[in-house]
Amino acid sequence: MQLSVKAALASASPHDAVLLSGWVRTRRDAKSFSFLELNDGSCLKGIQIVADAGIPGSDDLHKMTTGASIAVSGKLVPSQGSEQQWEVHASSLSLIGPADESYPLQKKGHSLEFLRSIAHLRPRSNLFGAVFRIRSRLTFAVHRFFQERGFVNVHTPLITASDCEGAGEMFRVTTLPQGANTPPEQDFFGRNAFLTVSGQLEAETFACALGKVYTFGPTFRAENSNTSRHAAEFWMIEPEVAFCDLAADMDLAEAHVKDMVRTVLSECREDIEFCNRFVDKELIARLTMVAETPFQRLTYEDAVAILKASSHPFEYPVEYGLNLQSEHERFLTEKHFKCPVTVYNYPKEIKPFYMRLNDDDRTVAAMDLLVPGIGELIGGSQREERLDVLLASMARHNVNPDDYWWYTDLRKYGSVPHAGYGMGFERLLMFVTGVGNIRDVIPFARTPGSAEF
RNA sequence: UCCGGCGUAGCUCAGCGGCAGAGCGGGUGGCUGUUAACCACUAGGUCGUAGGUUCGAACCCUACCGCCGGAGCCA
């Protein structure tokens with residue numbers, strides 16, 4: 001019977017004939033037999049293979065070094081060793097693909113920086129195996145969370161012609177030859193085109209038809225930002241809900257974060273425990289707190305008051321009308337409240353044109369959800385649904401309404417209050433694994449000056 | 001893009017003006033129901049690149065490249 005290592009380790013009873021295949025992590029030879037640790041990626045742990053000298057295939061044992069791929073058939077039996085419940089007594093071995101002495105992964109730990117330089121091999125390490133199994137499970141959980149609540153998934157375009165969505169520099173998409181000075185009318189789309197920085201505006205059109213929608217896909221930013229929390233290509237989750245105000249939007253965001261955290265705690269336990277042991281010793285305690293504690297919620301104005309009243313020495317000034325800096329956000333969530341915090345109602349001057357103007361005429365219905373260790377995990381808002389107010393806001397932000405005729409149309413035909421937010425999927429992964437660099441939670445990171453693999 | 005730090009063996013690092021080093025990993029041999037096994041031996045180097053200072057540079061200076069941390073922008 002062909003078994004994954006995960007299935008073999010979870011077996012309830014011995015088995016006379018099993019077949020496993022995977023990669024050798026380590027081998028220890030005795031005179032008359034060898035121990036092999038076999039890992040196939042199905043789970044964190046490997047299974048111990050006991051191979052007596054002389055069985056079919058044992059002539060190749062010396063080639064079954066760390067990194068080699070092999071197939072093993074034999075019996076699944078209780079282990080005599082104290083560190084595992086089951087092991088396989090091999091009846092035959094088969095070397096599938098050897099790995100010579102240049103194989104770069106050792107049995108012992110490597111730095112994350114080195115593993116980044118061998119991104120094609122790092123999923124074979126314990127940490128990256130765990131991170132990418134969690135990433136997969138969380139991808140599934142995102143869809144489950146929204147589908148269970150009646151949301152419709154929308155595939156918004158990756159190529160867009162809106163050239164100023166207010167979310168940073170964009171990559172241009174063109175088929176024109178390099179250096180050509182051809183007008184955009186002669187380009188592939190008959191105009192300038194770019195990789196999307198957000199599916200929000202398109203998602204709004206679908207929310208104003210299907211009610212509750214979400215997008216979950218890659219987005220692109222051509223910002224030259226060189227930090228551990230930014231990538232040029234990253235995945236974003238963007239729900240958009242019709243007949244929804246900011247309070248309900250914040251409720252959804254909080255439920256969403258809690259659901260993601262509970263998912264990894266219950267469905268990725270072994271991998272999360274590995275992260276807790278080797279990445280961040282506070283991880284499980286923090287995630288448990290997040291799953292169980294209500295999030296704090298306060299206005300931007302109250303947040304500024306708290307920051308001004310604190311004796312904490314901030315590098316940047318705190319003043320109403322200025323953006324909260326990273327150090328301010330982290331003080332609120334890590335030091336002051338010691339739990340996730342949602343800050344809402346920001347001054348209209350520091351937020352984009354599409355956010356709904358509040359009755360005070362000074363603030364917009366925006367919210368940022370801040371979490372310990374990461375800072376901003378979610379940014380969202382109630383959208384401006386009143387055509388005249390939206391047009392005034394566009395004018396204030398120097399946005400040409402003609403470029404957004406389809407967006408303003410939504411306000412002309414059956415306009416409704418609606419709201420949504422964006423959650424960076426990699427930021428979420430950093431938060432639930434404790435991994436400190438975005439390059440280590442995405443399979444092949446694209447950052448300024450770096451697109452190897 | 002700005003500020004700071006770091007580039008020495010496959011990996012992690014020490015050496016900081018006078019013979020190029022250690023641990024791990026690799027190879028060879030031994031030993032052992034072992035499990036980051038253990039013991040012995042052994043191979044392995046353009047000290048990031050280019051220039052400069054000096055009798056002499058891995059070490060001091062300059063520029064560039066790369067990486068890391070922080071900041072800005074944001075998710």
Side-chain angles (χ1 to χ4, degrees), chain A residues 25-38 45-52 62 65-67 77-84 87 89 99-118 121 125-126 165-169 197-200 218-238 253 278 314-316 322-330 350-352 368-371 374-380 421-431 436-442 447-450 452:
Chain A
R25 282 291 178 81
T26 177
R27 189 185 85 225
R28 294 175 292 276
D29 294 322
K31 186 163 277 174
S32 57
F33 59 92
S34 295
F35 294 107
L36 294 152
E37 190 192 332
L38 188 73
K45 288 196 175 76
I47 193 162
Q48 175 159 288
I49 311 294
V50 185
D52 290 326
H62 67 286
T65 51
T66 303
V77 297
S79 176
Q80 298 173 30
S82 59
E83 302 196 15
Q84 61 273 320
E87 66 188 19
H89 277 194
D100 71 18
E101 62 277 1
S102 66
Y103 184 68
L105 284 169
Q106 301 176 182
K107 301 168 200 172
K108 299 200 174 186
H110 287 292
S111 69
L112 295 176
E113 291 82 1
F114 172 68
L115 290 167
R116 258 171 237 155
S117 72
I118 50 166
L121 296 173
S125 67
N126 284 333
E165 293 183 23
E169 292 295 311
V197 295
S198 162
Q200 179 202 316
T219 50
F220 308 88
R221 305 276 166 92
E223 293 287 350
N224 187 15
S225 31
N226 243 305
T227 84
S228 54
R229 301 183 310 284
H230 293 83
E233 176 183 307
F234 65 100
W235 285 58
M236 190 150 62
I237 305 153
E238 296 180 285
F278 290 104
F314 293 114
E315 191 182 342
Y316 288 86
L322 298 181
N323 262 313
L324 296 182
Q325 305 292 322
S326 289
E327 58 172 347
H328 304 142
E329 295 180 342
R330 295 187 66 153
I350 58 174
K351 289 292 181 183
D368 284 347
L369 197 161
L370 316 174
V371 295
I374 306 290
E376 186 180 342
L377 176 64
I378 286 176
Y421 59 82
M423 175 194 283
F425 188 52
E426 284 77 18
R427 296 243 176 119
L428 174 66
L429 276 163
M430 292 168 71
F431 180 58
N437 196 309
I438 196 167
R439 295 167 180 82
D440 299 327
V441 296
I442 191 163
T447 50
S450 178
E452 187 70 67

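Per chain, numbering begins at 1; letters A, B, ... match sequence-line order. Only this structure's heavy atoms are used, side chains among them; waters, hydrogens and symmetry mates stay out.
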Are any of [X]'s side-chain N or O atoms less than 4.0 Å away from OP1 or OP2 of [N]?
| X | N | answer |
| --- | --- | --- |
| A:Arg28 | B:rC38 | no |
| A:Ser225 | B:rC73 | no |
| A:Arg221 | B:rC74 | no |
| A:Arg116 | B:rC68 | yes |
| A:Lys31 | B:rC31 | yes |

Looking for any heavy atom pair under 4.0 Å, which part of the strands does A:His89 touch: base, sugar-phosphate only, or nothing?
->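 Answer is base: heavy atoms of A:His89 come under 4.0 Å of a base.
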Return the nearest nucleotide to the side chain of A:Phe35; candidates are B:rC74, B:rU35, B:rG33.
->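 Among B:rC74, B:rU35, B:rG33, the one nearest the side chain of A:Phe35 is B:rG33.
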Candidates B:rU35, B:rU1, B:rG10 - which lies nearest the side chain of A:Gln106 |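 Selected nucleotide (nearest to the side chain): B:rG10.
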Do [X] and [N] have a side chain to base donor-acceptor pair shorter than 3.5 Å?
| X | N | value |
| --- | --- | --- |
| A:Gln80 | B:rU35 | no |
| A:Glu113 | B:rG7 | no |
| A:His328 | B:rG72 | no |
| A:Gln48 | B:rU34 | yes |
| A:His230 | B:rC74 | yes |
| A:Glu101 | B:rG26 | no |

A:Leu428 vs A:Leu377 side-chain heavy atoms within contact, under 4.5 Å =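 A:Leu428 vs A:Leu377: side chains touch.
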Pair assignment for [N], Watson-Crick or G-U wobble, requiring both distances under 3.5 Å:
| N | value |
| --- | --- |
| B:rG69 | B:rC3 |
| B:rC64 | B:rG48 |
| B:rG26 | B:rU42 |
| B:rA36 | none |
| B:rC13 | B:rG21 |

P spacing across the pair B:rU8 / B:rC2, given as an integer number of angstrom |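 After rounding to an integer number of Å, I get 25 Å for this pair.
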In whole angstrom, give me the gap between the C1' atoms of B:rU53 and B:rG45.
->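 Pairwise C1' distance, B:rU53 against B:rG45, rounds to 26 Å.
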